[in-house]
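Reading through the structure tokens given below for one structure.
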Amino acid sequence: MKTTLLLDIAADAAGDRRAFGDLTFAELRHHAQLAASWIMEQAAGQVAFLGLNGSVVPTLLFASGYAGLPFCPLNYRLPDDKLNQLVARTAPSVLVADDDMVERIGDHDGVTVVSRSAFEAEIGSRILPEGWAEGDGEIAVLLFTSGTTGEPKAAVLRHENLTSYVMETVEFLGSDEGEAALVSVPAYHIAGISAILTGAYGGRRIVYIPAFKPEEWAETAAREKVTHAMVVPTMLDRILDSVEHEHEPLSSLRALSYGGGRMPEPVIARAMKLLPHVDFVNAYGLTETSSTIALLSADDHRAAFTSEDHAVRRRLGSVGKPLPSLEIQIRGEDGRTVLPTGQSGEIYVRGPQVSGEYLGKKITDEEGWFATNDGGWLDEDGYLFVEGRLDDVIVRGGENISPGEIEDCLRGHAAIADVAVLGMPCTQWGEKVAAVVVSKLEVDCEELADHVRSSLRSTKTPEVWFFEDELPYNETGKLLRRLIKERLSDDEAAA
Amino acid sequence: MKYKPGSRWKSAVCSAEMVVVRPPKGDGDLACGGSNVLEHDSAEGGSGDVDSAFSEGVLIGKRYVDEKSGIEVLGAKPGQGSLSFNGRAMHLKDAKPLPASD
């Protein structure tokens, strides 16, 4: 089943509905088919894209599907040398790039670069060739992972993975006609791709902001009467600042989902207080799983928020329950033993939306399970708690320590604005726990250490403390732990 | 296999259109309003009447299943006829919609 089918049936049943800006679903399909016919005249094996959000993104995504070629959006925030290494890997390809980004791309064999304005002019003047027919291809999208070590990997998302995800989670044309979703994540993020597909199938209009800025987000949400939106944790905190300062009530907003990183509980608690009319949904997923695999619903949020019961209250920090269309297991360090409820291990997932595949390499096991490399555990009622990347786990004297738990604890201290906990080399213990703190009130590390010791235990109490003005995040809200680690080791070397 | 996942069909006797989501395990005929469905791009259609035994309608966005064969179909356009597989009436699949997450 191809992703273009999702658009085809929406365009046939609700062709007059608006898909993106003023573009209707019928027009979007027409543009995508025109673009596909042009792509099929190029000697391309992939369709690459470099640029900001706009209607060109859904046009190219569906055009690639119609042409039977993978769509490969590239990260425009990469430095030029890294970007060009990825561009070279897309060959043979046609690459559509924002006009002001074209000059960043060097000469590469087999890569035809076309500016966005030239592409739009081509589509605008084109007539669908007589007898044009869709191409066949199994891969819908290739997304380069950020790659913590070595070369970025190209995650493969097949048509069957993406259509399965969409059809199992969204009702066809289930959205009311007036609904609109605000998309601020970039096209090279899985959430940017899944938003287009679920929007088309659900019949919900998409409103783009080219790149995220909190004031612009709130202003666009109000102007376009946005009803739904997805944000990453760092975005939400900044949006709430803007909501408070500008007195923008976001009155049309009905549902706000968040994911892509750990959401500090104080931020979501603040959001629920400031925007009581909004349904909050926490979604957990990975690129390799075609987006969401577990959801904490709005009802779960409200139940947790108002509960006196610790076990219910703490679910505000969970990612909710796995989707009914897939299975989740927590396994031990051997990668085989399935751990019981309440025990922490590695999260494994299996289901038709799970690709678990990179170009040239399938990494699911013989039974179809994908190891997420995320640590986590399930509570008695099946709520999933994610502890973070296993690579980030600190091993201190043989004990595995998750930074997330310590960070959550420190965020509960009134003086802390932001915090990162990580392991540093230590001759005695192998690794020692270090905390990098952004404070909003004056505080000394003794007090912070006492705070952690009183609620966790002494082995989890940071032994070294650093104070910084801010922590580095990427644009999709992921804390750049590696960068902090590098800085710290440079500092240590200098000292 | 005739009814492949993703294949599109239309009723021969009403305005309903459908997409096969899961294929049937064996051979058989998918019908709407009592008459076998036609391929979506078929030029035929619009002849005959909805059999009153299969007239409960197809709703857009709903899923219909026949447990015995395992076939599952999505209503892509509504119509008066209702779906059957090998003469067995298919019924509405109970599905609780999930909240939007993208």
Side-chain angles (χ1 to χ4, degrees), chain A residues 1-2 5 8-10 12-14 159-160 163-175 179 181 183 185 190-199 201-204 227-230 254-259 279-285 291-292 294-299 323-325, chain B residues 1-12 14-25 30 32 37-43 45-46 57-65 70-81 83 90-102:
Chain A
M1 210 178 304
K2 284 174 72 181
L5 175 73
D8 277 333
I9 57 176
D12 280 344
H159 283 284
E160 59 179 76
T163 53
S164 166
Y165 168 67
V166 173
M167 296 181 85
E168 294 304 327
T169 58
V170 181
E171 188 180 331
F172 177 55
L173 296 181
S175 300
E179 291 184 13
V183 175
V185 287
I190 179 61
I193 298 292
S194 55
I196 295 170
L197 299 175
T198 53
Y201 188 70
R204 183 180 291 146
T227 55
H228 293 71
M230 186 267 171
R254 288 188 230 159
L256 192 65
S257 69
Y258 58 91
D279 280 351
F280 288 92
V281 174
N282 185 1
Y284 164 67
S291 192
T292 307
L295 278 176
L296 186 74
S297 71
D299 288 343
L323 300 185
S325 50
Chain B
M1 178 80 68
K2 192 178 165 194
Y3 300 109
K4 284 195 300 192
S7 61
R8 299 182 65 186
W9 306 85
K10 64 180 182 187
S11 171
C14 71
S15 57
E17 293 187 7
M18 43 253 131
V19 174
V20 173
V21 179
R22 281 180 235 290
K25 278 184 219 96
L30 177 65
C32 180
V37 296
L38 306 169
E39 286 182 27
H40 184 256
D41 54 9
S42 154
V58 169
L59 297 174
I60 195 162
K62 298 298 174 202
R63 302 276 192 100
Y64 298 88
V65 287
I71 189 173
E72 183 172 335
V73 169
L74 167 75
K77 272 192 186 176
Q80 286 180 334
L83 297 166
M90 293 174 66
H91 43 89
L92 195 64
K93 188 180 173 186
D94 188 27
K96 197 169 154 240
L98 294 164
S101 66
D102 309 286

For a quick test of reading the model, state the closest non-hydrogen atom pair linking [X] to [Y] and the distance between them.
{"X": "Ala283(A)", "Y": "Ser101(B)", "answer": "CB-CB, 3.7 Å"}
{"X": "Ala191(A)", "Y": "Met230(A)", "answer": "CB-SD, 4.0 Å"}
{"X": "Arg22(B)", "Y": "Gly70(B)", "answer": "CB-O, 3.8 Å"}
{"X": "Ser257(A)", "Y": "Asp102(B)", "answer": "OG-N, 4.1 Å"}

query = What pairs with Asp299(A) under side-chain contact (heavy atoms from CB on, under 4.5 Å), at least two apart in sequence or on another chain?
reply =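 Residues passing side-chain contact (heavy atoms from CB on, under 4.5 Å) with Asp299(A): Ser297(A), Arg302(A).
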ask   = Sequence neighbours excluded, which residues qualify as side-chain contact (heavy atoms from CB on, under 4.5 Å) partners of Lys62(B)?
value =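 Scan of Lys62(B) (side-chain contact (heavy atoms from CB on, under 4.5 Å), adjacent residues dropped) gives Glu171(A), Leu59(B), Tyr64(B), Leu92(B).
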Side-chain donor or acceptor of Ser15(B) paired with backbone N/O of Gln80(B) under 3.5 Å =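 The answer is no, because no donor-acceptor pair under 3.5 Å joins these two groups.
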Which atoms of [X] are under 4.5 Å from chain B, going by heavy atoms: the side chain, the backbone, both sets, or neither?
{"X": "Ser194(A)", "result": "both"}
{"X": "Tyr258(A)", "result": "neither"}
{"X": "Thr169(A)", "result": "both"}
{"X": "Asp12(A)", "result": "both"}
{"X": "Ile190(A)", "result": "neither"}
{"X": "Ala13(A)", "result": "both"}
{"X": "Tyr165(A)", "result": "side chain"}
{"X": "Glu168(A)", "result": "both"}
{"X": "Asp8(A)", "result": "both"}

Which of His40(B), Lys77(B), Glu17(B) touches chain A most, by non-hydrogen pairs under 4.5 Å =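 Ranked by heavy-atom pairs under 4.5 Å with chain A, first place is Lys77(B).
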task = Go through Val21(B), Val20(B), Leu74(B) and name the one with the most non-hydrogen pairs under 4.5 angstrom from chain A.
result =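 Going by pairs under 4.5 Å, I would pick Leu74(B).
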message = Which atoms of Val19(B) are under 4.5 Å from chain A, going by heavy atoms: the side chain, the backbone, both sets, or neither?
response =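 For Val19(B), the contact with chain A is made by the side chain alone.
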message = Before you tell me yes or no, could you show the steps for Leu30(B) and Met90(B) under side chain to side chain contact (heavy atoms under 4.5 Å, CB included), namely the whole-Å CA-CA distance, both residues' side-chain angles and the distance that decides it to 0.1 Å?
response = CA-CA 10 Å; Leu30(B) 177 65; Met90(B) 293 174 66; 3.7 Å; yes
query = Among Thr198(A), Leu197(A), Leu173(A), which residue forms the greatest number of heavy-atom pairs with chain B at distances under 4.5 Å?
reply =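 The answer is Thr198(A).
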message = Among Ile196(A), Val170(A), Leu5(A), Thr163(A), which residue satisfies the side-chain contact (heavy atoms from CB on, under 4.5 Å) criterion with Tyr201(A)?
response =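 For Tyr201(A), the side-chain contact (heavy atoms from CB on, under 4.5 Å) check succeeds only for Val170(A).
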